[in-house]
Amino acid sequence: MIHATLHQLKVFEATARHGSFTRAAEELYLTQPTVSIQVKQLTKAIGLPLFEQIGKRLYLTEAGKKLLETCQEIFNGLEQFEMSVADLKGMKQGRLNLAVITTAKYFVPRLLGPFCKKFPGIDISLKVTNHQRLQESMAANEDDLYIISQTPTQPDLDIHPFLENPLIVLAPKGHPLARKRNIPIEMLNHEPFIMRESGSGTRGAVEKLFEEKNINVKVRLELGSNEAIKQAIAGGLGISVLSQHTIISEGTKGEFAILDVQGFPIERHWYVANLAGKQLSVVAETFLQYLLEESPGMAKRLLPGLGAAALNGVGESIALESTAVAQV
Ligand code: PGA
């Protein structure tokens, strides 16, 4: 048995994550010499170097990489243990790591409010990012639960659909097409178009439809955020395709009009997913159940102004391997 203390492992893990003694010391509220002495003692106990220093940056050696993996397993195990003990004591306590795609930020925080009131012992880390970045987080097993609109082929996931997430054509209020019905999709070719960045799931769905229908829009602007696109639309720079949830607060009463274009809305769903085979923590399990039970009711309360009969609960949960779920 290697004689290493839990404290030394924590110091090592922070140093490895930051690639720097100084930044690890800052995070742990220790002095820099204390951090480097702890790492030195650990290195001596293991009998192999854990870091190589090139310039100012530290790089992990093979032994260092193995030790980092082991540390992460130990700390995750301890965190799970703490949550289970709290559960046995009748308390839901611990940390929930949640990663959601950009459109879900209009909905999930509203659900988190009542959830945190009900379970005050649960801390939440909420990461909002696009589809591609979310896939990278899944591959690296960074979070407990993921909210996505498109199910990747890899990795294998347990997936539960929970709400519809339609994509609509959004234009500024006074747009000439705003009063027209059943607009042929080819009309979009004549409109300046604002597109999300590459790697965005919204963009992927839009490009797929445009390719099927042979549509070649003039992309005037590419923007990496739904909110920035809304501001560009309001500013008269063009039209775009966004999730209907992005206008959850203002609906069509404010600056925007939803154009009634053939082929729209693009029907999509939000899914809550976790890595298949990963044991969910008590806290993650609690949130998953809460989300599936509460979200349809909350969507009805929040979205009546949108005329979105579509935004209802999808119904029963399913647990599937991602490969078995149709691509949206
Ligand atoms: P995106 O995902 O931010 O990657 O476009 C949003 C969505 O798929 O709803």
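Side chains included, hydrogens not; waters and symmetry mates left out as well; all remaining heavy atoms used.
- Judged as a salt bridge (charged side-chain N to carboxylate O under 4.0 Å, His left out), and not counting sequence neighbours, E73 has no contacts.
- For residues 46-103, the ring-ring contact (aromatic ring centres under 6.0 Å, His included) pairs, not counting sequence neighbours, are F12-F51.
- A 6.0 Å sphere centred on NZ of K105 holds more than 12 heavy atoms belonging to other residues, nucleotides or ligands.
- Distance check: H269 NE2 to N165 CG gives 9.0 Å after rounding to the nearest 0.5 Å.
- Annotation: ring-ring contact (aromatic ring centres under 6.0 Å, His included) contacts involving residues 184-204, sequence neighbours excluded, comprise F193-F210.
- Counting heavy atoms of neighbouring residues, nucleotides and ligands inside a 6.0 Å radius, atom NZ of K180 does not exceed 12 of them.
- Residues forming a side-chain hydrogen bond (donor to acceptor under 3.5 Å, both in side chains) with E13 (at least two apart in sequence, or on another chain): R17.
- Evaluation of the ring-ring contact (aromatic ring centres under 6.0 Å, His included) test over residues 108-131, restricted to residues two or more places apart or in two chains, returns F115-F119, F115-F287, F115-Y290.
- Shown here are the side-chain hydrogen bond (donor to acceptor under 3.5 Å, both in side chains) partners of H18, two or more places apart in sequence or in another chain: E27.
- With sequence neighbours excluded, the residues satisfying salt bridge (charged side-chain N to carboxylate O under 4.0 Å, His left out) with E212 are K208.
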Exercise answer: donor-acceptor pairs, residues 168-176 side-chain atoms, under 3.5 Å, sequence neighbours excluded:
unit_1 : atom_1 : unit_2 : atom_2 : d
K173   : NZ     : T252   : O      : 2.2
H175   : ND1    : L177   : N      : 3.0
H175   : NE2    : E191   : OE1    : 2.9

Show every donor-acceptor pair shorter than 3.5 Å between a side-chain atom in residues 224-235 and any protein atom, with sequence neighbours excluded, or say none if there are none.
unit_1 : atom_1 : unit_2 : atom_2 : d
S225   : OG     : E227   : N      : 3.3
S225   : OG     : A228   : N      : 2.9
N226   : OD1    : R196   : NH1    : 2.7
N226   : ND2    : T102   : OG1    : 3.0
E227   : OE2    : Y106   : OH     : 2.6
E227   : OE2    : K230   : NZ     : 3.1
K230   : NZ     : T246   : O      : 2.8
K230   : NZ     : E250   : OE2    : 3.1

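- For N141, the side-chain hydrogen bond (donor to acceptor under 3.5 Å, both in side chains) partners are K278, not counting sequence neighbours.
- You'll find the side chain of E79 stays beyond 4.5 Å of the side chain of S281, heavy atoms only.
- Residues passing the salt bridge (charged side-chain N to carboxylate O under 4.0 Å, His left out) test with E285: none are found, sequence neighbours excluded.
- Sorted by first and then second residue, the pairs that involve residues 136-155 and meet salt bridge (Lys or Arg N to Asp or Glu O under 4.0 Å), not counting sequence neighbours, are K127-E142, K127-D143, R133-E136, R133-E142.
- T5 is listed as a side-chain neighbour of Q8, based on a closest heavy-atom distance under 4.5 Å.
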